[in-house]
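Letters A, B, ... are given to chains in the order of the sequence lines, protein chains preceding strands, and every chain is numbered from 1.
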Amino acid sequence: MQLAREDLLTAYRTMALIRVFEERVQREMSSGDIPGSTHLYAGQEASAVGISMHLGDMDRVASTHRGHGHSIAKGCDVDGMMAEIFARSTGICHGKGGSMHIADLDKGMLGANGIVGGAAPIACGAALAARMTGSGAVAVAYSGDGGFNQGTMAESLNLARVWDLPVIFAIEDNGFAEATASSWAVAGDIVARGAAYGIPAERVDGTDVFAVHEAAGRAVARGRAGDGPTLLHIMVPRYLGHFSGDSDTYRTPDEKRAMRTDRDCLKVFRDKVLPAGLLEMDQLDAIDAEVAALVDGSVVAARAAPRPDPATVATDVYVSYP
Amino acid sequence: MQLAREDLLTAYRTMALIRVFEERVQREMSSGDIPGSTHLYAGQEASAVGISMHLGDMDRVASTHRGHGHSIAKGCDVDGMMAEIFARSTGICHGKGGSMHIADLDKGMLGANGIVGGAAPIACGAALAARMTGSGAVAVAYSGDGGFNQGTMAESLNLARVWDLPVIFAIEDNGFAEATASSWAVAGDIVARGAAYGIPAERVDGTDVFAVHEAAGRAVARGRAGDGPTLLHIMVPRYLGHFSGDSDTYRTPDEKRAMRTDRDCLKVFRDKVLPAGLLEMDQLDAIDAEVAALVDGSVVAARAAPRPDPATVATDVYVSYP
Amino acid sequence: MPRKSFRQALNEGLRLEMRRDPRIFVMGEDVAGGKGASGEQDAWGGAFGVTKGLLAEFGPERVRDTPITESAFVGAAAGAAMAGMRPVVEIMFVDFMGVCFDQIFNQAAKFRYMFGGKAVTPMVLRATFGAGTGSASQHSQALYPLFTHIPGLKVVVPSTPYDAKGLLIEAIRDDDPVIFLEHKAMYDDVGDVPDGAYVVPFGEAAVLRDGGDVTIVAFGRMVGRAMEAAARLARDGIEATVVDPRTTSPLDIDTIIETLEETGRLVIVDEAYPRCGMAADIAGIIAEEAFGLLKAPIRKVTPPHAPVPYAPELEAAYIPSVERIEAAVRGVVGWSR
Amino acid sequence: MPRKSFRQALNEGLRLEMRRDPRIFVMGEDVAGGKGASGEQDAWGGAFGVTKGLLAEFGPERVRDTPITESAFVGAAAGAAMAGMRPVVEIMFVDFMGVCFDQIFNQAAKFRYMFGGKAVTPMVLRATFGAGTGSASQHSQALYPLFTHIPGLKVVVPSTPYDAKGLLIEAIRDDDPVIFLEHKAMYDDVGDVPDGAYVVPFGEAAVLRDGGDVTIVAFGRMVGRAMEAAARLARDGIEATVVDPRTTSPLDIDTIIETLEETGRLVIVDEAYPRCGMAADIAGIIAEEAFGLLKAPIRKVTPPHAPVPYAPELEAAYIPSVERIEAAVRGVVGWSR
Ligand SMILES: Cc1ncc(C[n+]2csc(CCOP(=O)(O)OP(=O)(O)O)c2C)c(N)n1
Ligand SMILES: Cc1ncc(C[n+]2csc(CCOP(=O)(O)OP(=O)(O)O)c2C)c(N)n1
Ligand SMILES: [Mg+2]
Ligand SMILES: [Mg+2]
């Protein structure tokens, strides 16, 4: 808990913002105004936030289908994201990408990804670029527990070790891949699987932003020092269904209730900083109000924003195409 | 060394046959009568032989680009193989497959494979069939050290463990993938990588057919008993270049010489059985002569065999196609 | 005849075949759902509910949830098929075939040929395809031209619940690897579907409408749009024949040519990308084999050479519309040198 | 002008560009060779020796051997490209693209579109293709129709050492992902190649021969066979125009149409599979856009719908031959309704 006051406020603010954003998207989905489906990050906020507090715009992250939280933590514009999800021309991808393809290269956000396991090679490439240019930047490859089984993950672990790439494999284990439990689908042990490649690997409580922040700090330092990759196995709860329309019957109501009461990163944070007198209750309440207003505003703006011009349907396929 | 006399003779005979076959193919390649290129198994014989001694026709193996040894050990017809390599219509694949696609389904040989890492999923499928039909059969997935890095391998390890498939992952580590050393390309440790999936894994001296036979025995027993997969990391020398035309300059002459003197499975075998009085020298010499004649005969027959009829170029694409 | 949805028709086809032959099993991500979880089992029945209920009847050995490792389980299907089983694999979205394409196109598709005619690889690979649900570039592709390109694969694209059931049963009984594609926007479409097992043979086009002025060939969801365009055109006295080939490989080119003998004009409507796509393929075959019958240029109605967009307005501009089909037909009907 | 082989021309192109721009680097399996070994370094220079010597000049940071993990390093190329580098990746045989196809077609190809035009992904993916060397079904395919199908990719198939160098330099300077395919039976082909850097632009066909009777379009190794057929036909007074589009995406259809204005007859020769292949693609475009110019059916000269066989006799029957091209031309020249 060696975080400065400013950092503490940022951590809480970002986690709260993600939470409100996701729960609002879930609500707006039922309005029918958002196309397709979304995979929401509610419950997992401390992971992206604890990691991203170490990162600047030069550092890059490659994300998953569940990418809103990673994007917000990496500094993507919330209005642009909401407008994108609402499929507006003011969206961060001008309405072409949607929830599963949020990206902002200037912020080092290399994209959410609709392909499970798709991100890790891309993050390795960003890390390679950092290494070759000597920029000192690192890259983060996010994956879920289910995605960790993909061959691309194993290949990326090997490549990252062989080339000593400054990449952090952030494996967010929310216990499920869709309706399938990681306890069944993931053979062996994720930390051991990382370590077997000679990669420093550790398990982290993903409801505790301080724990994530510390582990990520070691990983980022390793990367910046030229010591190569790290794997973090981050244990998180997934509050909502796999996707917005998931009836989520494979989890018992008790299980879902318990996770909200016992594994809430916002509560965990409050319980640490308030008794210790690091922050005041009303500061946090003010943040809650602020992010609620921010998200409200983003929805209002998105609804008011113009829809994409059908004439743009085939633009931006190439930089140039004679 | 609890092998019966018959088994000892079979082990030696099969190893010697593979050795002679491969060195002959290498020689015949320079005659220009064999199309394409071949990847030869010379030096690695004890691996396929030690494993296959436990297998019957019901058991299935999925092989690699370096598949001649696996095929011979699994009981494929040597004449048919040689004719195939010589691209004759009498070949085991009627001249359509060649060295890299030798297969004999009746013998449980599911094919050599031109795609590195391609075999493991296929072996998992054969093992699944065995499991579902309760046949008690096992499947072997061969791979090299380089191939072990492929994503398909990692995915197969996971699937085999999750489904408790009777599959043996036989990772033949000959120190090189083409011109690239496994000491560089394979991060961490192969045994640890298997074990991290909860799969029993052990390192085996692949120049000692007895050691391979014992380890494979444990693995096969595990599979037949319903206890799932095993990984064997089998250390072998590769006597010849990666492929028939490889100038093999990345290895020093000393290195290549030393491997022939110090790591020859035929010598290791003789040195074990002769002093112990398990077999007589002239028995082994007779086998040498016999397999030499067999391979000679296969070359003569292949050269004399008819070439495929061009009219068959587009047959056997489908079982049926209206 | 009983009315059933696409989804029900497929479920019934699977169920009937699994009852008939114990070698048939299904596998894929969440084809049951709830594996290892404390709550409901068979919670999903696949992402689109097609396999729902099979777990209860056939049990977990024959209804197998998988980890997210498409290469491993698609390859395992190929291996199991060579070893005597008859797997039916679900790849949730055809867009995911990129992570396991080798096992499809270099392994399963080629075993028989490479091994000189000895291998038999009876497997069905089911996947959803298609745009129209706001699922964006990586969850909306058609991609059957890629499979059609590859010798050794058969490729099925049904357009009605009746065909879906009959073609799926045929696919399961077929001894070659079959790619079976289901349009994700059509699962709730309802049609006449008999209760028992029946087959629709591969390589036999359905002629859905007869008209002397033009032949419209369409696949999957585009068949309905072609029919609608034909109905509108008929009001102006333009009579269209509408042909649904139902399988792209094998392709029933003979039926298309037969209709051209009367119509002499061809419009092909397809949701796949235009370059090296199905529309080009058929146009290319006809320009070679039935050139003498053609009275006008062949028109292809396809999306632009672009990925599938997210926003509904863009998607609507992307997918061939009834209006575009109509305009294409009017173009060829009015064409003269 | 100096004479150089295809291999030398490519090597020179790489070398000149790497000198020019430090962001360019090459990677792939054994693009140097000998990594971690006790013997010679740069022992291979790639499986076909194209990158030989680059290690000595540019060092191991810019000439990177890789483990056998195509998904990881092709995806890494895409990630590095988005992060400002300009990678040139070697995938030994194009047949291996099945193990990393997702990173090519769903990732690199779609970043720009999905992200609303913000991403720039300048990467070149080099691979050998083609039959004729007894390498059988998994090491002999053409497959460029698969890449051509995918929006977001550019696809290059050079037929001469001159073009190979100029197109490779163009590919490296291009800001989009480019698939660059080299025929494995042509590396020793020799031709005129200037020493310095020059570019051959994408989407500009080469017209290699002018003749009024027929247009022959061919790609890669088939260009030489088309030229030979044309020379033979000329002896009988049949004059062919031969067009090599050089890039399949973008495709210079205008040049083909211009030649048809004179010839009115079209033969397309391609080594790729026939269904949804390049020959069908071009035939389909022409049947739509230049139907009025056609005086005869379009003929496609391709392999059968079958994998590539191993035996030389079968391979010879498989690959389009000069004789088959000649016969196709005679067929269209003599055609009348
Ligand atoms: C290659 C591929 N296979 C399957 C899917 C379908 N899919 C989307 S998310 C998902 C589950 C991913 O689970 P996990 O990695 O644990 O991430 P989580 O959803 O729990 O965040 C699956 C199977 C996909 N998008 N891509
Ligand atoms: C997917 C794929 N990538 C690359 C190759 C080219 N290749 C053929 S063999 C080989 C080396 C394999 O090394 P290893 O697995 O150690 O087997 P070994 O050759 O040593 O027996 C490579 C890279 C291939 N055939 N398939
Ligand atoms: Mg998960
Ligand atoms: Mg090796």
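Of the atoms belonging to A/Glu255, it is side-chain heavy atoms, and not backbone ones, that fall under 4.5 Å from chain C. Heavy atoms closer than 4.5 Å to chain C are found in the side chain of A/Phe176, but not in its backbone. Contact of A/Thr152 with chain C is not made at all, since no heavy-atom distance falls under 4.5 Å. Of the two parts of C/Ser140, neither the backbone nor the side chain holds a non-hydrogen atom closer than 4.5 Å to a non-hydrogen atom of chain A. Heavy atoms closer than 4.5 Å to chain C are found in both the backbone and the side chain of A/Thr249. Heavy-atom distances place both the backbone and the side chain of A/Asn113 under 4.5 Å from chain C. Looking at C/Ser38, both its backbone and its side chain come within 4.5 Å of chain A, counting heavy atoms on both sides.
Residue A/Trp184 comes nearest to C/Asp65 through the heavy atom pair CH2-O, 3.3 Å, listed as atom of the first residue, atom of the second, then distance. Of all heavy-atom pairs spanning A/Gly97 and C/Ala136, the tightest one is O-CB, 3.4 Å. Nearest approach of A/Lys96 to C/Leu314, heavy atoms of both residues: CG-CD1, 3.8 Å.
No more than 12 heavy atoms of other residues, nucleotides or ligands shown are found within 6.0 angstrom of NZ on A/Lys107.
Once rounded to the nearest 0.5 Å, the distance linking CD of A/Gln150 with OG of C/Ser71 reads 7.5 Å.
A/Phe148 is not listed as a side-chain neighbour of C/Ile68, based on a closest heavy-atom distance of 4.5 Å or more. Within the 4.5 Å cutoff, no side-chain heavy atoms of A/His65 are placed close to those of C/His139. Contact annotation: the side chain of C/Glu40 never approaches that of A/Arg251 to less than 4.5 Å [non-hydrogen atoms, C-beta and beyond]. Inter-residue side-chain proximity for A/Pro308 and C/Tyr310 is flagged as unmet; no heavy-atom pair is nearer than 4.5 Å.
When A/Ile85, A/Val116, A/Thr315 are compared by the number of non-hydrogen pairs under 4.5 Å with chain C, A/Ile85 comes out ahead. The residue among A/Ser182, A/Ala185, A/Gly98 with the most heavy atom pairs within less than 4.5 Å of chain C is A/Gly98. For the set A/Asp246, A/Thr312, A/Asp254, A/Asp316, the entry with the most heavy-atom pairs within less than 4.5 Å of chain C is A/Asp246. Contact tally against chain A (heavy-atom pairs below 4.5 Å) for C/Asp42, C/Val99, C/Thr69, C/Asp95: the top residue is C/Thr69. When each of C/Pro309, C/Ala37, C/Ala317 is scored by its heavy-atom pairs under 4.5 Å with chain A, the top score falls to C/Ala37. Between chain C and the options A/Gly175, A/Ala179, A/Ser37, A/Gly95, the largest number of non-hydrogen pairs under 4.5 Å is found for A/Ala179.
Between A/Thr180 and C/Asp30, the side chains place a donor N or O and an acceptor N or O closer than 3.5 Å (distance only, hydrogens not considered).
The aromatic rings of A/Tyr318 and C/His305 sit parallel to each other, their planes meeting at less than 30°, with 60° as the upper class boundary.
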